Amino acid sequence: MISTPYYVIEKHQLDKSIDSLKNALEKYWNNYIIGYSYKTNALPWIIKYFKEQGCFAEVVSDDEYLLAKHIGYSVSDLIYNGPIKTKVTMAEAIRSGGIVNLDSHREIDWLQDLKNNRKQYSVGLRVNFDIEKMCPGQSACGDEGGRFGFCYENGELGKAISRVRESGVEIAGLHLHTSSKTRGLDIYKAIARTACQIVTDFDLKLKYIDVGGGFFGGVSNKPQFDDYLREISELLKQCLDPMKTKLIVEPGMSVIGPNISYVTSVIDVKQTSYGVFVVTDGSRTQIDPLMSKSSYFHNIDYQSDDNTKVNKQVVCGYTCMEHDRLFELREKRALTAGDLITYHKVGAYTMCLTPLFIKYFPEVYVKDMDQLILAREHWTPEFYCQGTR
Ligand SMILES: Cc1ncc(COP(=O)(O)O)c(C=O)c1O
């Protein structure tokens with residue numbers, strides 16, 4: 001018997017997610033790269049799984065870059081994004097033919113250090129564009145505006161293009177990842193339209209166009225990969241040829257989010273004058289580390305047949321924080337110690353953001369057919385102390 005709490009990776013569902021993404025890409029733009037977004041969940045089992053699936057590693061720091069190399073990636077199969085690259089890893093990635101999307105002028109300055117034969121090297125540029133204007137109310141930052149990449153509207157992108165051209169390094173790609181509140185199709189249409197405008201304005205001959213991640217996945221009443229790729233490809237084909245330009249996608253949430261569950265047990269039930277508090281061995285910190293969600297997909301597996309109803313039960317986590325309260329039950333069966341509560345679709349931005357607070361990382365299992373295979377041991381004080389003096 002496995003003791004709770006633990007995460008379960010649903011292998012069969014994971015296979016289905018990545019297959020449906022590949023099918024959509026093959027159908028609409030059969031010259032593509034999938035870069036799995038490490039920041040979304042870089043559990044070693046998961047990043048090895050996506051490597052076996054033929055995905056590139058989409059990394060955004062020297063640590064993630066080194067992690068991808070550590071698990072056996074060649075640098076030519078990495079997509080290196082974000083503002084916190086180091087000069088040394090960036091130069092290595094460019095020299096080794098990795099896909100490097102520059103985010104800032106300091107990174108253009110670093111191109112000078114590539115010294116000789118700069119003509120044989122290429123980079124991409126991260127585009128900052130006014131997504132809020134194109135999709136009012138949908139962008140992640142609203143009127144505050146996004147902060148990554150070179151701004152198209154104010155001329156910064158134009159300056160960056162000139163500077164890279166002057167350095168002798170080829171501009172091989174554009175990167176237009178855009179985080180949004182809606183993950184809607186409009187966002188991807190705006191990305192494709194903007195890409196075409198830029199290609200035309202600057203007469204770019206692109207080897208790749210990177211539309212980033214941010215898709216929905218595993219939710220039936222939301223856009224599917226087929227919908228996203230249909231819309232993106234229809235617009236991109238107006239300015240780019242799929243035979244000449246690769247389409248890069250960087251999924252995270254859409255492929256890993258829906259395919260991980262978190263299993264917890266009720267350990268105690270307590271009455272106060274305000275109601276019934278159900279204490280569990282799970283925590284909100286492990287499925288919602290930013291404490292931003294107002295509800296969780298979950299199911300309850302009652303261990304007894306007692307059908308007594310309770311007016312209000314507040315299901316709580318194990319931490320000492322008062323706000324570690326997961327959900328309320330109204331007029332529902334009484335929970336008792338030993339009942340199991342499983343939270344679903346908790347694979348994205350959870351394990352990688354979980355704090356080492358009060359308890360260490362729980363076990364992770366992979367469910368393959370009917371077998372549960374251990375993918376990560378429960379962290380012990382020995383793990384916690386490793387590398388310390
Ligand atoms: C550059 C880039 N690519 C890909 C992703 C993955 O996004 P998601 O996990 O929403 O698919 C992100 C997330 O912020 C990102 O910043």
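All of these numbers come straight from a predicted model, not from anything done at the bench. Sequence positions, counted from 1, serve as the residue numbers for this chain. What's counted below: heavy atoms across the whole structure, side chains too, no hydrogens, waters or symmetry copies.
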task: Test L176 against I209 for side chain to side chain contact (heavy atoms under 4.5 Å, CB included), laying out the working first.
output: CA-CA 8 Å; L176 294 104; I209 183 82; 3.8 Å; yes

Listing request: all side chain to side chain donor-acceptor pair (under 3.5 Å) pairs with a residue in [range], at least two apart in sequence or in separate chains.
range	value
residues 317-326	S283-D324, Q286-Y318, T319-D324, E322-R325
residues 344-355	T40-Y349, S261-H344, N299-H344
residues 366-381	T380-E382
residues 205-226	K27-D226, Y28-D226, N101-Y208, E170-K207, D203-K205

Rounded to the nearest 0.5 Å, how far apart are [atom1] of [X] and [atom2] of [Y]?
X	Y	atom1	atom2	result
Q313	E331	CD	CD	10.0 Å
L372	E363	CG	CD	10.5 Å
L157	F202	CG	CZ	5.0 Å
I131	I191	CD1	CD1	6.0 Å
N30	K22	CG	NZ	12.5 Å
E156	L125	CD	CG	11.5 Å

Is the closest side-chain donor-acceptor distance between [X] and [Y] under 3.5 Å?
X	Y	value
D130	Y152	no
D63	S61	no
D281	T4	yes

field: Test of ring centre spacing under 6.0 Å for Y6 and Y262
entry: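 No: the rings miss the under 6.0 Å criterion.
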
Closest approach of [X] to [Y] (non-hydrogen atoms, all atoms of both residues):
X	Y	result
Y36	N41	OH-O, 2.7 Å
K237	W29	CG-CZ3, 3.6 Å
G146	N128	O-ND2, 3.1 Å
V164	S167	O-OG, 2.6 Å
A192	L235	CB-CB, 3.6 Å
V59	A68	CG1-CB, 4.2 Å

Single-linkage hydrophobic cluster F215~I79, side-chain heavy atoms < 4.5 angstrom: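 Different clusters.
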
- prompt: Can you hop from Y49 to I47 via hydrophobic side chains spaced under 4.5 Å?
  reply: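 Y49 and I47: one cluster.
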
Hey, could you give me each pair passing disulfide bond (SG atoms under 2.5 Å apart) that has a residue in [range]? Not counting sequence neighbours.
range	value
residues 213-242	C196-C239
residues 314-369	none
residues 119-156	none

query: Between I34 and F56, is a side chain to side chain contact (heavy atoms under 4.5 Å, CB included) present by the stated rule, with each step listed?
result: CA-CA 6 Å; I34 301 174; F56 279 35; over 6 Å; no

query: Under the side-chain hydrogen bond (donor to acceptor under 3.5 Å, both in side chains) criterion, do N259 and S17 qualify, and how do the steps go?
result: CA-CA 8 Å; N259 303 324; S17 289; 3.0 Å; yes

Atom [atom1] of residue position [X] - does it have more than 12 heavy atoms of other residues, nucleotides or ligands inside 6.0 Å?
X	atom1	result
K39	NZ	yes
K181	NZ	yes
D306	CG	yes
K270	NZ	no
R330	CZ	yes
Y384	OH	no
E234	CD	no
F383	CZ	yes

Going by the rule ring pair (Phe, Tyr, Trp, His ring centres under 6.0 Å), which residues pair with [X] if we only count those two or more places apart in sequence or in a different chain?
X	result
F129	none
F225	none
Y38	none
H298	F327

message: What I want to find out is whether R163 reaches D109 closely enough, with some N-O distance under 4.0 Å, to be called a salt bridge.
response: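 Answer for the salt bridge query: yes.
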
- request: Take D62 and K85 through the salt bridge (charged side-chain N to carboxylate O under 4.0 Å, His left out) test and state the conclusion after the steps.
  value: CA-CA 6 Å; D62 51 341; K85 303 174 190 84; over 6 Å; no

query: With a distance cut-off below 6.0 Å to the six-membered ring centre and an angular limit of 45° from the axis, does R333 pair with Y302 as a cation-pi contact?
result: yes

task: I would like to know whether L111 and L102 meet side chain to side chain contact (heavy atoms under 4.5 Å, CB included); could you show each step before the answer?
output: CA-CA 10 Å; L111 295 180; L102 305 185; 4.0 Å; yes

Name the atoms and distances for all side-chain donor-acceptor pairs under 3.5 Å in residues 242-256, with sequence neighbours left out.
| residue | atom | partner | partner atom | Å |
| --- | --- | --- | --- | --- |
| T245 | OG1 | L206 | O | 2.8 |
| K246 | NZ | N31 | OD1 | 3.0 |
| E250 | OE1 | N81 | ND2 | 3.4 |
| E250 | OE1 | H175 | NE2 | 3.1 |
| E250 | OE2 | N81 | ND2 | 2.8 |
| E250 | OE2 | H175 | NE2 | 3.3 |

